[in-house]
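Accompanying notes for the structure given below.
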Number of protein chains: 2
Amino acid sequence: MADGTSLTIHEAALTTGWSSRMLRYIEDSGLVVPRRSPAGYRLFGPGELQRLRTLRELLEDFELDLSDVGFALRLRHDAELREALDGWFAAEPMRPPEVAAPDWLVYEQEKHLQLLALAGPVTVGSTGKET
Amino acid sequence: MADGTSLTIHEAALTTGWSSRMLRYIEDSGLVVPRRSPAGYRLFGPGELQRLRTLRELLEDFELDLSDVGFALRLRHDAELREALDGWFAAEPMRPPEVAAPDWLVYEQEKHLQLLALAGPVTVGSTGKET
DNA sequence: CGAACCTTACCAGGCTTATGCGAAGGTTGG
DNA sequence: CCAACCTTCGCATAAGCCTGGTAAGGTTCG
């Protein structure tokens, strides 16, 4: 079976360490999508097999879940999402060190402050004091 | 209470739409970490309040989980992880999309395909044929 | 002092992820 | 033809995320 350069799902499972079930799951999640034979059989080429093995390492080395990598994939493809997140993080009020916010950061903050009307007086520069 | 520019957790909850419980959870996850009063009370400044509101929109607009944003945060801080993922994605064996993958999946990144040389002879280019 | 906050810590229920197993049916190749 | 694959679909369970409670104890302030 297979075409000489590709393996069927069970064979791929044996050589990658994933179960057949997981290979289908991984396909559903959009990571590693093998091509199909005319009859609909999944065909895993050398590239896919390598990717599957590397994926195992990735998850293990960094203690990731498949959903994490799935999200990273989404990030790569969704520029809008990426920008939204970048914007949100850019507005981060860096706490411990008294780092003065770089101008570019301030700009980002204001960009967001404009978007929503903030309730209350925007008094930056706390002097943590009470009692 | 508070110092004039900051709200305690319950007040912050009221103005941001999050529950007190969730504000603590969000802090644990590393997103939005308020400073503390001498007695240990959380003090949410205007910046934090704004961030919390924006966070709500972010999750809603893009259908994210807090864990997703948490992972994005980790990505920002962990260069090694970022590179590992970049490498993995860069090795993606792309092929004409016949029917595969979720809608947000698009193929368009081979810019740093040479970023990491994958072990093994990547023999791409089979003439899919069997029997 | 006492009400009304705050803190941490733990239990719990609901939903999602990760994974396996089995059923019903198509494909392949000896 | 038949064994051994493959396909999709769905049930089932363990673990983890999200969220709310509640308990035991400190802080604030009228």
Side-chain angles (χ1 to χ4, degrees), chain A residues 1-4 6-45 48 52 55-56 58-60 62-74 128-131, chain B residues 1-4 6-45 48 52 55-56 58-60 62-74 98-100 102 128-131:
Chain A
M1 38 187 53
D3 64 1
S6 299
L7 305 185
T8 59
I9 197 171
H10 183 58
E11 299 167 329
L14 292 179
T15 69
T16 61
W18 292 103
S19 65
S20 304
R21 179 67 173 78
M22 284 311 292
L23 291 184
R24 298 196 183 94
Y25 185 75
I26 289 171
E27 175 178 16
D28 287 346
S29 71
L31 319 164
V32 190
V33 179
R35 67 179 195 287
R36 301 296 188 103
S37 76
Y41 286 20
R42 290 175 181 78
L43 297 177
F44 294 83
E48 272 103 20
L52 286 168
L55 181 57
R56 283 193 129 304
L58 204 54
L59 299 190
E60 198 171 305
F62 293 92
E63 300 209 324
L64 304 179
D65 296 324
L66 283 175
S67 57
D68 290 328
V69 186
F71 180 67
L73 176 62
R74 185 179 167 192
K129 288 271 64 174
E130 70 274 288
T131 70
Chain B
M1 49 187 63
D3 64 359
S6 299
L7 304 185
T8 60
I9 197 169
H10 183 57
E11 299 167 328
L14 292 179
T15 69
T16 61
W18 293 103
S19 64
S20 304
R21 180 69 174 79
M22 285 310 292
L23 290 184
R24 298 199 183 91
Y25 184 75
I26 289 170
E27 175 179 16
D28 288 346
S29 70
L31 319 163
V32 191
V33 179
R35 68 180 192 288
R36 300 296 189 102
S37 77
Y41 286 20
R42 291 174 181 78
L43 296 178
F44 294 83
E48 272 102 21
L52 286 168
L55 181 57
R56 284 194 128 296
L58 203 54
L59 299 189
E60 198 171 306
F62 293 93
E63 299 209 315
L64 303 180
D65 296 323
L66 283 176
S67 57
D68 290 328
V69 186
F71 180 66
L73 176 62
R74 184 178 167 194
E98 36 183 301
V99 148
K129 281 280 65 182
E130 65 284 286
T131 45

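Please read all numbers here as calculations on a predicted model, not as lab measurements. Every chain is numbered from 1 and lettered A, B, ... according to where its sequence line falls, protein lines coming before strand lines.
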Please determine whether a side-chain nitrogen or oxygen atom of A/R36 lies at a distance below 4.0 Å from atom OP1 or OP2 of C/dT27. no

Any chance you could lay out the side-chain hydrogen bond (donor to acceptor under 3.5 Å, both in side chains) test for B/R35 and B/S6, step after step, and finish with the verdict? CA-CA 10 Å; B/R35 68 180 192 288; B/S6 299; 2.9 Å; yes

Report the distance from atom CZ of A/R56 to atom CD1 of A/I26, rounding to the nearest 0.5 Å. 8.0 Å

Summarise protein proximity over nucleotides 11-19 of chain C in one line of letters, 5' to 3': B for base, S for sugar-phosphate only, - for none, counting protein heavy atoms closer than 4.0 Å. ------SBB

Rounded distance in Å - CD (B/E60) to C1' (D/dC18): 16 Å

Tell me whether the OP1 or OP2 atom of C/dT8 has a side-chain N or O from B/R42 closer than 4.0 Å. yes

Starting from P on D/dT27, measure out to CD1 on B/I9 and report it in whole angstrom. 17 Å

Residues 14-24 of chain A side chain polar contacts: donor-acceptor under 3.5 Å, at least two apart:
from	atom 1	to	atom 2	distance (Å)
A/T15	OG1	A/A12	O	3.4
A/T16	OG1	A/A12	O	2.8
A/T16	OG1	A/W18	N	3.3
A/W18	NE1	A/L52	O	3.1
A/S19	OG	A/M22	N	3.1

Could you go through the side chain to side chain contact (heavy atoms under 4.5 Å, CB included) check for B/L64 and A/F71 one step at a time? CA-CA 9 Å; B/L64 303 180; A/F71 180 67; 3.6 Å; yes

In whole Å, what is the span from the CD1 atom of B/I26 to the C1' atom of D/dT19? 11 Å

Could you state the atom-to-atom distance from CG of A/L23 to P of D/dC6 in whole Å? 10 Å

Looking at CG of A/L58 and CG of A/L31, how far apart are the two atoms once the value is rounded to the nearest 0.5 Å? 10.0 Å

Rounded to the nearest angstrom, tell me the gap between atom CD in A/E11 and atom C1' in D/dC6. 11 Å

For the helix from C/dC1-D/dG30 to C/dA12-D/dT19, how many degrees between its two end axes (five pairs per end), to the nearest 10°? 10°

Could you check whether any side-chain heavy atom of A/L43 comes within less than 4.5 Å of a side-chain heavy atom of A/S37, counting everything from C-beta outward? yes

Does B/E27 pair with B/R36 as a salt bridge, N-O distance under 4.0 Å? yes

Given atom OH of B/Y41 and atom P of C/dC5, what is their separation to the nearest angstrom? 11 Å

Mapping A/S20 and A/A39 onto DNA chain C by nearest heavy atom, which one lands closer to the 5' end? A/S20

Specify the closest pair of heavy atoms between B/V33 and B/G30, including all atoms of both residues, with the distance to one decimal. CG2-O, 3.9 Å

Given atom CG of B/D28 and atom P of C/dA9, what is their separation to the nearest angstrom? 9 Å

How close or far is atom C1' of C/dT7 from atom CZ of B/R24, stated in whole angstroms? 7 Å

A/L59 vs A/D65 side-chain heavy atoms within contact, under 4.5 Å: no

Check whether any side-chain nitrogen or oxygen of B/T8 sits under 4.0 Å from OP1 or OP2 of C/dC5, and answer yes or no. no

